[in-house]
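First up is the structure itself, then whatever we jot down about it.
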Amino acid sequence: MKLNSPMRWLVMVFLAFLAGCGGCQTGSSTCDSSRHGTQGCECRTSSASCNAGLACNSGKCEPCGGEGAVCCVNAAVTSCNGSLMCVMGSNGERCRNCGDVGEACCVSSGNQVCNPGGVCVSGNCQSVAALTCDDTGALYAVGIQDANLCALRVVEVRARSAADALDCATNSGMLAPGERVFEVPGTPITDYEMCVETEGEGRRTTSVRAFGDFEAMRCTRWTRCGDVGCTSVAYGACTP
């Protein structure tokens, strides 16, 4: 069958398009494997990860951490830029401008939450320290210990109750990372002599500072036994 001139022209254009396409496929195109993990491309298949500042969402890498964007993920820990808070909603974990003191509470998985140091009161985040510290309240001595439960120091705060004193000390910025309060205000620091025994050094007497017997034992085992650990730990100095 002979084609008239207009039809012949359309066929030629179509054939030229196919030749220039070089075997294009229908549907969404994919990035070369060398670009996996970059913005707009597939996540790395080995770990479902993306480059810094990007997060894997529905198999593609997209910017993370900004207002309304997906939360950034590093070592299974989520984060957002600045003071934004990562909250769980109907469309997954997203960064929202809420949760700081003075801002509206964030709604995450149906719960009203605030960033650390804040508590949700009537839909707004208020400072825990402002609610629990009271300049006109009673004076409480609160013990501070490290992650190994070794005693570090005692601080004084004013609050309306012992429970408020613990919250006040925890949320008023006086704790360094890894530090925590001892749960009984007014407890002094005690120096403990402890007898430790290791396979390499045998028995020896050491000392730790703690707020209680349990804390002294934990502090000793975690700080005086080395990498291999103690075969035994006892209260008091070692005896012959």
Side-chain angles (χ1 to χ4, degrees), residues 13-14 16-133 144 146-148 166-181:
V13 170
F14 180 71
F17 171 78
L18 291 180
C21 183
C24 294
Q25 296 179 356
T26 59
S28 59
S29 61
T30 59
C31 298
D32 183 85
S33 60
S34 63
R35 296 180 57 204
H36 286 182
T38 61
Q39 183 172 339
C41 292
E42 291 81 358
C43 311
R44 295 185 182 89
T45 56
S46 58
S47 57
S49 63
C50 301
N51 290 347
L54 304 173
C56 186
N57 186 36
S58 299
K60 294 292 182 70
C61 292
E62 62 181 63
C64 64
E67 167 68 21
V70 295
C71 304
C72 298
V73 181
N74 183 20
V77 177
T78 58
S79 64
C80 297
N81 298 337
S83 61
L84 299 179
M85 187 174 184
C86 182
V87 300
M88 174 61 74
S90 58
N91 59 342
E93 290 184 319
R94 297 279 171 171
C95 293
R96 303 298 182 195
N97 188 20
C98 58
D100 273 353
V101 172
E103 295 179 345
C105 306
C106 297
V107 178
S108 181
S109 299
N111 299 315
Q112 290 187 317
V113 295
C114 299
N115 282 321
V119 60
C120 187
V121 179
S122 300
N124 292 304
C125 292
Q126 297 186 23
S127 167
V128 174
L131 293 172
T132 56
C133 301
I144 309 299
D146 64 15
N148 299 314
L166 296 178
D167 286 337
C168 174
T170 300
N171 295 284
S172 56
M174 60 180 62
L175 300 183
E179 294 181 351
R180 63 187 70 180
V181 298

Looking only at heavy atoms, which two atoms of [X] and [Y] are closest? And how far apart?
| X | Y | answer |
| --- | --- | --- |
| Asp100 | Asn115 | OD1-ND2, 2.6 Å |
| Cys105 | Val121 | SG-N, 4.3 Å |
| Thr38 | Asn51 | CG2-ND2, 3.5 Å |
| Pro63 | Gln39 | CG-NE2, 3.6 Å |
| Glu93 | Thr78 | OE1-CG2, 3.5 Å |
| Cys43 | Cys50 | SG-SG, 3.9 Å |

What is the distance from atom [atom1] of [X] to atom [atom2] of [Y], rounded to the nearest 0.5 Å?
| X | Y | atom1 | atom2 | result |
| --- | --- | --- | --- | --- |
| Cys114 | Met85 | SG | CE | 7.0 Å |
| Arg180 | Thr170 | CZ | OG1 | 11.0 Å |
| Glu67 | Arg94 | CD | CZ | 11.0 Å |
| Gln112 | Cys106 | CD | SG | 10.0 Å |
| Lys60 | His36 | NZ | NE2 | 9.5 Å |

- Query: Are the sulfur (SG) atoms of Cys125 and Cys120 separated by under 2.5 Å?
  - Reply: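 Answer is no, sulfur atoms not closer than 2.5 Å.
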- Under-2.5 Å SG separation for cysteines Cys86, Cys80: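 No disulfide here.
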What residues form a side chain to side chain donor-acceptor pair (under 3.5 Å) with [X], not counting sequence neighbours?
| X | value |
| --- | --- |
| Glu179 | Arg153 |
| Ser34 | Asp32 |
| Asn97 | none |
| Asn171 | none |

- Task: Would you list the pairs meeting side-chain hydrogen bond (donor to acceptor under 3.5 Å, both in side chains) in which at least one residue belongs to residues 120-131, sequence neighbours left out?
- Result: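 Non-adjacent pairs meeting side-chain hydrogen bond (donor to acceptor under 3.5 Å, both in side chains): zero.
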- Query: Which residues satisfy the side chain to side chain contact (heavy atoms under 4.5 Å, CB included) test with Cys64, sequence neighbours excluded?
  - Reply: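 Cys64: side chain to side chain contact (heavy atoms under 4.5 Å, CB included) contacts with Ala55, Val70, Cys72.
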- Non-hydrogen side-chain atoms of Cys41 and Cys61 separated by less than 4.5 Å: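 No, every pair of side-chain atoms sits at 4.5 Å or beyond.
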- Where do Val181 and Asp167 land on the side-chain contact (heavy atoms from CB on, under 4.5 Å) test, with the steps shown first? CA-CA 9 Å; Val181 298; Asp167 286 337; over 6 Å; no
- Message: Val107 vs Val87, test: side-chain contact (heavy atoms from CB on, under 4.5 Å). Steps then yes/no.
- Response: CA-CA 7 Å; Val107 178; Val87 300; over 6 Å; no
